[in-house]
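Here's the structure, in structure tokens; my notes come after.
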Amino acid sequence: MATVRAGGRGALVVVDVQVGVVEGAWEADRVVGNVTRAVDRARAAGVPVVWVQHEDDELVRDTPVWQWVPELIPAEGEARVFKRFNSSFERTTLDDELARLDVSHLALAGAATNWCIRATAYAALERGYDLTLVGDAHTTVGEHAAEVVDDLNTVMRWVSYAEVTNTTASAEEINFSALS
């Protein structure tokens, strides 16, 4: 439980696993499978899933590239947050949704590692949330994508913030029961 943030529950936050974001991403099929596994495990443990969806000039709302990948469909009643900036917290309703759900610990998965996942991870820690990065459930594009993913996984095991905890765990290893 976070010592800074009020709340006693965890949530899985799934960021930007949209057709136009993961198309051409490093090991996209494997990563989408791991995100799907994390969603299934969170739901089975009674942990809320919060869906964050990006829109901008390239990801225009309601176009085919803006849609979630077919393997991932938000369930009825699961919170959805729409964003225009890298951080899922920047000018969005994410903090409000997490407060409504009594959340103090985030498990984070999605895309793109070097932009929206990194910005959301740091923003969560700066806001006092405990954080578990789902290390095999985030990806990005580019020649050095594997190194970018590995770097953020390493950083989230070692970066230090006052009075919050952070770590990395795989979609299979993460203990969703401990988050609820």
Side-chain angles (χ1 to χ4, degrees), residues 9-103 105-113 115-121 123-124 129 131-141 145 149 168-180:
R9 296 184 72 196
L12 173 62
V13 178
V14 178
V15 178
D16 301 349
V17 188
Q18 296 163 252
V19 172
V21 178
V22 299
E23 184 177 48
W26 173 73
E27 297 194 4
D29 290 341
R30 180 187 62 79
V31 171
V32 168
N34 288 334
V35 174
T36 303
R37 177 77 175 132
V39 168
D40 292 344
R41 292 190 66 237
R43 287 174 177 160
V47 170
V49 180
V50 178
W51 301 84
V52 180
Q53 195 166 6
H54 194 86
E55 63 180 278
D56 59 23
D57 293 341
E58 295 176 12
L59 291 169
V60 177
R61 187 184 283 246
D62 297 324
T63 63
V65 295
W66 179 81
Q67 302 301 324
W68 292 101
V69 296
E71 298 88 342
L72 292 169
I73 305 296
E76 179 94 21
E78 289 179 333
R80 291 186 66 186
V81 174
F82 302 98
K83 69 179 183 66
R84 295 192 61 82
F85 300 97
N86 291 332
S87 171
S88 298
F89 290 94
E90 185 72 21
R91 295 186 184 177
T92 72
T93 60
L94 182 57
D95 254 335
D96 295 334
E97 289 294 340
L98 296 172
R100 180 182 67 78
L101 295 167
D102 195 34
V103 169
H105 189 138
L106 305 183
L108 179 62
T113 299
W115 302 109
C116 300
I117 298 302
R118 183 179 303 272
T120 299
Y129 290 98
L131 178 73
T132 301
L133 178 64
V134 187
D136 60 354
H138 63 100
T139 188
T140 194
V141 297
V149 168
T168 303
S170 73
E172 191 59 40
E173 294 169 337
I174 190 168
N175 184 355
F176 283 107
S177 297
L179 299 183
S180 60

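- The line from OG1 of Thr120 to CD of Glu90 is 10.5 Å long, rounded to the nearest 0.5 Å.
- A distance-only check finds a donor-acceptor pair linking the side chain of Trp66 to the backbone of His54 [under 3.5 Å].
- Within the 4.5 Å cutoff, no side-chain heavy atoms of Val22 are placed close to those of Val31.
- Side-chain contact between Leu98 and Phe89 is present, with at least one heavy-atom pair separated by less than 4.5 Å.
- Atom CG of Asn175 and atom OG1 of Thr132 lie 9.5 Å apart (nearest 0.5 Å).
- Counting only heavy atoms from C-beta outward, the side chains of Val50 and Leu106 never approach each other to under 4.5 Å.
- Between the OG atom in Ser88 and the CG atom in Asp95 there is a gap of 11.0 Å [rounded to 0.5 Å].
- Interatomic distance, CG of Leu179 versus CZ of Arg9, reported as 10.5 Å (0.5 Å rounding).
- Counted within 6.0 Å of CG on Asp102, heavy atoms from surrounding residues, nucleotides or ligands total more than 12; the atom is thus considered enclosed.
- Remark: His105 NE2 to Leu12 CG distance equals 10.5 Å, nearest 0.5 Å.
- Partners of Arg30 according to the side chain to side chain contact (heavy atoms under 4.5 Å, CB included) rule, which considers only residues two or more places apart in sequence or in another chain, are Trp26, Glu27, Asn34, Asp136.
- Distance alone, capped at 3.5 Å, places no donor-acceptor pair between the Arg91 side chain and the Phe85 backbone.
- Residue Ala11 comes nearest to Val103 through the heavy atom pair CB-CG2, 3.7 Å, listed as atom of the first residue, atom of the second, then distance.
- Ala111 approaches Val21 most closely through the heavy-atom pair CB-CG1, 3.6 Å.
- At least one side-chain heavy atom of Glu172 sits less than 4.5 Å from a side-chain heavy atom of Arg37.
- Between Thr139 and Val149 the shortest heavy-atom distance is CA-CG2, 4.0 Å.
- Residues in residues 14-26 take part in these salt bridge (charged side-chain N to carboxylate O under 4.0 Å, His left out) pairs, two or more places apart or across chains: Asp16-Lys83.
- Remark: the Thr140 side chain and the Thr113 side chain contain no N/O donor-acceptor pair separated by less than 3.5 Å.
- A pairwise comparison of heavy atoms in Glu55 and Phe82 identifies OE2-CB, 4.0 Å as the closest pair.
- A distance of 12.5 Å separates OH of Tyr129 from CG of Leu108, quoted to the nearest 0.5 Å.
- Between the side chain of Ser170 and the backbone N or O of Glu173 there is at least one donor-acceptor pair closer than 3.5 Å.
- Scanning all heavy atoms of the two residues, the minimum distance from Ala75 to Trp51 falls at N-NE1, 4.4 Å.
- Under the 4.5 Å side-chain criterion, counting only non-hydrogen atoms from C-beta, Thr92 is not in contact with Val52.
- Among residue pairs with one or both ends in residues 70-80, those qualifying as salt bridge (charged side-chain N to carboxylate O under 4.0 Å, His left out) are Arg43-Glu78; sequence neighbours excluded.
- In terms of heavy-atom proximity, Gly10 sits nearest to Pro48 at O-CD, 3.2 Å.
- At least one side-chain heavy atom of Trp68 sits less than 4.5 Å from a side-chain heavy atom of Val17.
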